[in-house]
Amino acid sequence: MEDLKTAILDIGSNTIRLVLYSYDKNEGLREFGNIKTVARLRTYILPSSEMSEEGICLLADILNSFKLILADYRVTDVKAAATAAVRQAINNAEIIVRMQEETGLSIDILSEEEEAYYGFVAVANSMNTPSALTIDIGGGSTEITVFKNKKLQKTISFPFGTVSLMQKFVHGTIISTEEREQLRSFVTEQFMSMDWIKEVRLPVIAIGGSARNIAQIHQQQVNYPLSGVHQYEMKLNNLVDLQKQLTQLNFEELKQLDGLSSDRADSIVLALEVFIALMTVVHTNDFQISKKGLREGLIISRVLQGNPQAYDKNNVFDENARRLALTYNRSEKEIKTLVQLVTQFYKECCQSNLLNYEEDDLQLLRRAARVYAIGEYIELDSSSQHTFYLISNQSIDGLSHVERVKLALVASYKNRDYFQRFAQPFETWISKDDLKKLRDFGAMLKFVYALNMTKRNVVKNVAMEKVEDHIQLVISTSERAIAESAQAEKQKKHIERIFKKTVQLVFNEEGRK
């Protein structure tokens, strides 16, 4: 599959969302439209378990409005999927037929297993956590999976979500203390009924709008210095503290709370209670947020059908880094050269006992080489500032937020002053020793980057030798490298500061005596 332009229509129990995607082999998957309507279809399920005529008409009206949007975007390929509210309605067959007749849209009702599976697909292909338990709490159901080493182990769908829990436990505008205790007791009992959930002691990864809102509220409260909630990490005590704070607010105050969508003001505390109960049963302190869920799982599966190599769940970062570099005009050959040279240089340093070899350190250097100085695409003179901003302020699948900052610090290195300026907001995240290491790696990469000044990929090998009181670097090239030689001489001061020795550069053109 080379190109794809499609829409995912997610008919949930709380919201109905239309998301437009394009896929290109080089650029990857891009979201170019996202429209949400709060429908709360779960509230239209009658005591008889039928969806009411009012609910069916509401669904048809929303789908017809979405069809107009699809026409405006000129998107004709649509995957429409319905989850708990339609699935649980005993007249769902009638609903599907009527939607086909009244809107022209063919809707698939996802089974509980399918809904859980697609959530896992999204998480596995967009996060680097090897083993975890996922939870996707919707309006009418809650899907949980366990995966280990990126292999799905177990799935279950519980027939409750934020909307149905409100209907069952909340009798006013917002939940009371007594109602919260009853709700937590109920969901805890549900989770405890599954032996494979109890004390699995894996991180909990939360999917869906409630999880995203919780992360956004917490980020506002702590004045978080990065953007984005995907792969954001919290602890159990953060959730407990947040739950205590939110229960002190009335409905109007919740609606005005920064980071919280007004349509979730009445349900956010319920979602927190579910997450806290699950973490207690799982016996974990680690809570992560995935911005990618059911819709992304559906579209990723679609892409993989046409191009099985489009994603590698066991190596999430590399493909995203390749696309990021291509976006900012870096050729694959240039990236390959820089990765090769920085690998050689690092190993030479280790063999000369100037550095201690660490696999994680080499991985960081290789990753940073892939995106080093991408800010040049915007402006050469201020490349460092642009590089740091571009990397640190966008979600990069496969990297935690701390890893993203470390990558940005190394890949944007210009000099010590700029490094210190960029690092300052994150000094509580990274130890002084690690900051020094990152600064040294940035300096090394800046020097190695000089070896491909003309982007001709003429430098083929770097060898190091200690000679009395200095270090000699022998740099082998396939052609003359006047520009590379001049730039390397200019930048060698950065590695001389690291090694505290003079560095002598020797350029040898292959075939020339």
Side-chain angles (χ1 to χ4, degrees), residues 2-3 22-32 125-128 226-228 230-231 303 307 309-346 361-401 403-414 418 422 438 441-459 484 487 491:
E2 295 290 328
D3 298 288
S22 64
Y23 174 78
D24 174 88
K25 185 178 179 181
N26 289 323
E27 294 184 0
L29 190 65
R30 291 186 180 275
E31 181 183 308
F32 65 92
N125 286 283
S126 69
M127 297 181 70
N128 211 37
L226 293 184
S227 63
H230 187 54
Q231 298 166 114
V303 170
N307 179 10
Q309 283 74 49
Y311 290 87
D312 180 358
K313 66 183 180 182
N314 296 309
N315 195 4
V316 176
F317 172 78
D318 279 0
E319 183 61 18
N320 286 278
R322 184 187 72 83
R323 290 168 179 164
L324 182 63
L326 287 175
T327 299
Y328 297 103
N329 206 31
R330 287 290 161 81
S331 70
E332 293 197 39
K333 191 170 184 180
E334 180 186 353
I335 296 167
K336 183 179 179 180
T337 295
L338 194 55
V339 170
Q340 174 188 324
L341 292 178
V342 80
T343 301
Q344 288 181 357
F345 187 76
Y346 177 77
D361 290 345
L362 178 56
Q363 182 188 58
L364 174 59
L365 270 170
R366 290 169 63 89
R367 286 178 167 180
R370 290 175 171 272
V371 292
Y372 184 79
I374 58 174
E376 288 181 351
Y377 178 80
I378 298 173
E379 188 176 23
L380 188 62
D381 289 344
S382 54
S383 166
S384 180
Q385 297 98 311
H386 290 305
T387 300
F388 184 81
Y389 184 85
L390 289 170
I391 296 173
S392 64
N393 281 282
Q394 65 177 301
S395 176
I396 300 176
D397 289 352
L399 292 184
S400 70
H401 287 208
E403 290 171 334
R404 205 166 90 201
V405 170
K406 290 181 177 181
L407 182 74
L409 287 170
V410 176
S412 66
Y413 187 85
K414 181 178 182 179
Y418 275 87
F422 296 152
L438 294 173
F441 287 171
M444 290 166 54
L445 193 49
K446 183 173 178 64
F447 169 75
V448 172
Y449 188 68
L451 298 178
N452 198 25
M453 179 70 180
T454 62
K455 310 290 191 276
R456 294 177 299 144
N457 311 298
V458 297
V459 172
E484 282 76 11
Q487 187 67 7
Q491 301 301 337

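The figures that follow rest on heavy atoms only: side chains count, while hydrogens, waters and symmetry mates do not. Along the sequence shown, the residues carry numbers beginning at 1.
Using a 4.0 Å cut-off between a side-chain N of Lys or Arg and a carboxylate O of Asp or Glu, Arg322 and Glu319 qualify as a salt bridge.
Across Val316 and Met127, no two heavy atoms sit closer than the pair CG2-O, 3.5 Å. Heavy atoms only, all atoms of each residue included: Ala411 and Ala368 are closest at CB-O, 3.9 Å. Of all heavy-atom pairs between Arg323 and Leu29, the closest is NH1-N, 4.4 Å. When all heavy atoms of Gly398 and Gln231 are compared, the pair lying nearest together is N-OE1, 3.1 Å.
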Worked verdict on Leu390 versus Ile374 for side chain to side chain contact (heavy atoms under 4.5 Å, CB included)
CA-CA 8 Å; Leu390 289 170; Ile374 58 174; 4.2 Å; yes

Report the C-alpha distance between Glu332 and Lys336 in whole Å, list the side-chain angles of each, state the deciding distance to 0.1 Å, and finish with yes or no for salt bridge (charged side-chain N to carboxylate O under 4.0 Å, His left out).
CA-CA 6 Å; Glu332 293 197 39; Lys336 183 179 179 180; over 6 Å; no

Could you check Arg330 against Glu376 for salt bridge (charged side-chain N to carboxylate O under 4.0 Å, His left out), going step by step and ending with a plain yes or no?
CA-CA 10 Å; Arg330 287 290 161 81; Glu376 288 181 351; 3.2 Å; yes

When you look at Asp397 and Phe317, which way does the side chain to side chain contact (heavy atoms under 4.5 Å, CB included) test go after all the steps?
CA-CA 6 Å; Asp397 289 352; Phe317 172 78; over 6 Å; no

Take Met444 and Val342, measure what side chain to side chain contact (heavy atoms under 4.5 Å, CB included) needs, and give me the verdict at the end.
CA-CA 8 Å; Met444 290 166 54; Val342 80; 5.6 Å; no

Could you please spell out the steps behind the side chain to side chain contact (heavy atoms under 4.5 Å, CB included) verdict for Leu399 and Asn128?
CA-CA 7 Å; Leu399 292 184; Asn128 211 37; over 6 Å; no

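Open room surrounds NZ on Lys333; 12 or fewer heavy atoms of other groups in view lie less than 6.0 Å from it.
Ring centroids of Phe388 and Tyr418 are separated by 6.0 Å or more, keeping the two rings apart.
Gln340 contributes no side-chain N or O that, together with a main-chain N or O of Thr337, makes up a donor-acceptor pair within less than 3.5 Å. Side chain of Arg404 to main chain of Gln394: a donor-acceptor pair is present (N/O by atom type, distance under 3.5 Å, no hydrogens or angles). A distance-only check finds no donor-acceptor pair linking the side chain of Thr387 to the backbone of Ser412 [under 3.5 Å]. In terms of modelled atom types and a separation under 3.5 Å, the side chain of Tyr372 and the main chain of Tyr413 share a donor-acceptor contact.
Asp318 and Asn315 share a side-chain donor-acceptor pair at under 3.5 Å.
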